[in-house]
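The figures that follow rest on heavy atoms only: side chains count, while hydrogens, waters and symmetry mates do not. Whatever order the structure lists ligands and atoms in, that order sets their numbers, starting from 1.
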Amino acid sequence: TRGNFETTIAALEGGVRGLAFASGMAASHCATMLLESGQHVLAGTDIYGGTYRLLHKICCRSGISVSLVDTTNLANLERELRTETKMLWLETPGNPLMSITNLRQATQWAKQRGILTVVDNTFATPVLTRPLEMGIDIVVHSATKYLGGHSDLLGGAIVVGDPDLGQRLYYTQNATGGVMSPWDSFLASRGLKTLELRVREQCRSAQEIANYLAQHPRVSRVLYPGLSNHPGHALATEQMDGGYGAMLSFEVAGDLAQAKRLVESTKLFRLAVSLGAVESLIEQPATMSHASYDRADRMKFGITDSLVRLSVGLEHPQDLIQDLDAALAK
Ligand code: PLP
């Protein structure tokens with residue numbers, strides 16, 4: 001059953017080998033286990049808080065160091081490059097600021113320097129972005145999110161385009177044991193059958209919600225690559241396949257307490273850190289998904305206290321807008 005899911009996700013990502021894990025973090029951890037003591041990782045500043053924690057608080061125990069860089073400007077990579085840099089870790093759209101990184105250029109830069117490239121493709125899914133086709137070495141997923149799509153499974157996945165790399169990762173996975181269970185594998189395979197339909201519809205709703213928020217007087221900033229004023233809009237239009245994703249963030253014109261009140265006031269948007277399912281979710285990165293960042297790093301990277309993140313589900317977009325409208329009025 002696990003093999004079926006692995007074959008399908010490998011095909012969707014255009015890879016030759018898929019590996020299914022017990023969670024997204026187990027998949028990410030397996031990828032980092034390719035590194036050895038003394039080596040260095042470059043990672044984006046706009047990444048999942050759990051990945052930040054894995055790199056900074058767990059990998060460091062094995063003598064692996066990490067530097068975070070704003071990967072929307074690849075000139076930044078050169079500044080942090082060391083002789084021991086062996087991995088480049090990217091998310092696009094980034095989390096939680098929806099920053100867009102140029103995957104073709106990042107691949108080119110890394111290949112010339114013998115650096116392995118990893119993309120956490122959880123937000124975009126293979127429906128919208130297929131990093132292996134752009135030369136990326138390793139795609140990582142939290143299958144808990146869009147791939148499963150119904151908030152009822154835990155899982156992760158790795159897909160690669162090189163069989164030897166796939167074998168090395170499989171060896172580590174088999175040796176450490178974080179595999180996806182048969183039941184979760186069944187649910188993940190079933191989720192994949194509707195992945196494209198769900199993602200396309202959710203993208204359409206997210207665009208409507210972003211347009212609504214962009215004109216709301218109590219909202220100071222909307223971060224959605226589908227908005228023409230988003231700094232990554234042109235690149236996303238070129239790199240993403242017919243949609244800008246169903247994740248978006250916005251800043252309320254207020255402080256941490258007001259943002260907290262907002263996320264606790266919606267009724268259709270349920271308050272939770274997860275994402276990517278048919279049910280819409282709302283959360284506050286500073287106290288939830290990115291609480292594991294050091295506060296100083298959050299401030300430095302623009303993850304402000306008044307930031308709110310939405311995962312847009314399959315409810316009617318007008319109902320979702322009404323829900324936000326009522327909560328903003330509060
Ligand atoms: N990657 C991203 C982008 C995520 O948002 C998450 C979870 O929120 C993970 C990885 C970790 O996945 P999991 O919760 O399945 O361990």
Side-chain angles (χ1 to χ4, degrees), residues 5 9 13 19-33 41 43-59 68 71 89-101 103 118-129 131 136 138-159 173 176-181 183-185 187-188 191 199 202 223 225 245-249 270-277 279 281-293 301 303 307 309-313:
F5 170 68
I9 186 62
E13 286 286 2
L19 297 168
F21 290 83
S23 66
M25 288 322 300
S28 297
H29 186 215
C30 186
T32 64
M33 282 192 277
V41 188
T45 51
D46 197 18
I47 59 172
Y48 172 55
T51 307
Y52 172 100
R53 182 171 51 197
L54 171 69
L55 294 172
H56 286 84
K57 317 274 175 180
I58 304 295
C59 294
L68 299 188
T71 52
W89 191 285
L90 303 168
E91 276 183 43
T92 180
N95 183 0
L97 302 175
M98 311 303 145
S99 59
I100 303 294
T101 295
L103 294 183
V118 184
V119 168
D120 182 333
N121 205 27
T122 301
F123 272 29
T125 82
V127 175
L128 302 174
T129 310
I136 293 291
I138 302 175
V139 165
V140 167
H141 275 282
S142 168
T144 315
K145 313 299 183 321
Y146 289 99
L147 304 187
H150 297 75
S151 315
D152 56 4
L153 70 89
L154 285 175
I158 286 184
V159 184
Q173 182 194 36
T176 54
V179 296
M180 189 183 269
S181 75
W183 178 246
D184 284 325
S185 300
L187 288 174
V199 168
Q202 286 168 318
L223 298 161
M247 298 297 298
L248 66 104
S249 294
R270 304 288 299 276
L271 181 60
V273 164
S274 197
L275 60 105
E279 306 89 359
L281 298 177
I282 190 165
E283 66 112 3
Q284 186 178 26
T287 57
M288 297 174 69
S289 61
H290 290 69
S292 44
Y293 269 55
F301 304 144
I303 304 168
L307 194 70
R309 192 187 75 180
L310 302 179
S311 168
V312 177

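- Of the possible polar contacts, one joining the His150 side chain to the Gly148 backbone as a donor-acceptor pair under 3.5 Å is found.
- Atoms of ligand 1 lying under 4.0 Å from at least one heavy atom of Gly155, given by number and element, are 15 (O).
- Proximity of Leu154 to ligand 1 is not established, as no heavy-atom distance is less than 4.0 Å.
- The only member of Thr71, Ile138, Val119, Thr32 that meets side chain to side chain contact (heavy atoms under 4.5 Å, CB included) when paired with Trp89 is Thr32.
- Judged by distance alone, with hydrogens and angles left aside, the side-chain atoms of Thr144 form a donor-acceptor pair with the main-chain N or O of Gly155 at under 3.5 Å.
- In this structure a side-chain-to-backbone donor-acceptor pair under 3.5 Å is present from Asp46 to Asn95.
- Only the side chain of Leu275 comes within 4.0 Å of ligand 1, counting heavy atoms alone; its backbone N, CA, C and O stay farther away.
- Heavy-atom separations between His141 and ligand 1 are all 4.0 Å or longer.
- Ligand 1 has no atom lying under 4.0 Å from any heavy atom of Ile47.
- Panel note: side chain Glu279, backbone Ser151; no donor-acceptor pair is recorded below 3.5 Å.
- Thr92 and Thr101 share no side-chain donor-acceptor pair at under 3.5 Å.
- Among protein heavy atoms, the minimum distance from atom 14 (O) of ligand 1 is reached at Lys145 NZ, 3.2 Å.
- A side chain to side chain contact (heavy atoms under 4.5 Å, CB included) with Thr125 is found for exactly one of Val127, Thr122, Asn121, namely Val127.
- Every atom of ligand 1 is numbered from 1 in the order shown, and the set under 4.0 Å from a heavy atom of Glu91 is 3 (C).
- Atoms of ligand 1 lying under 4.0 Å from any heavy atom of Asp120, numbered from 1 in the order shown and given with element: 1 (N), 2 (C), 3 (C), 10 (C).
- Taking 4.0 Å as the cut-off, Ser289 does not count as a neighbour of ligand 1 on heavy-atom distance.
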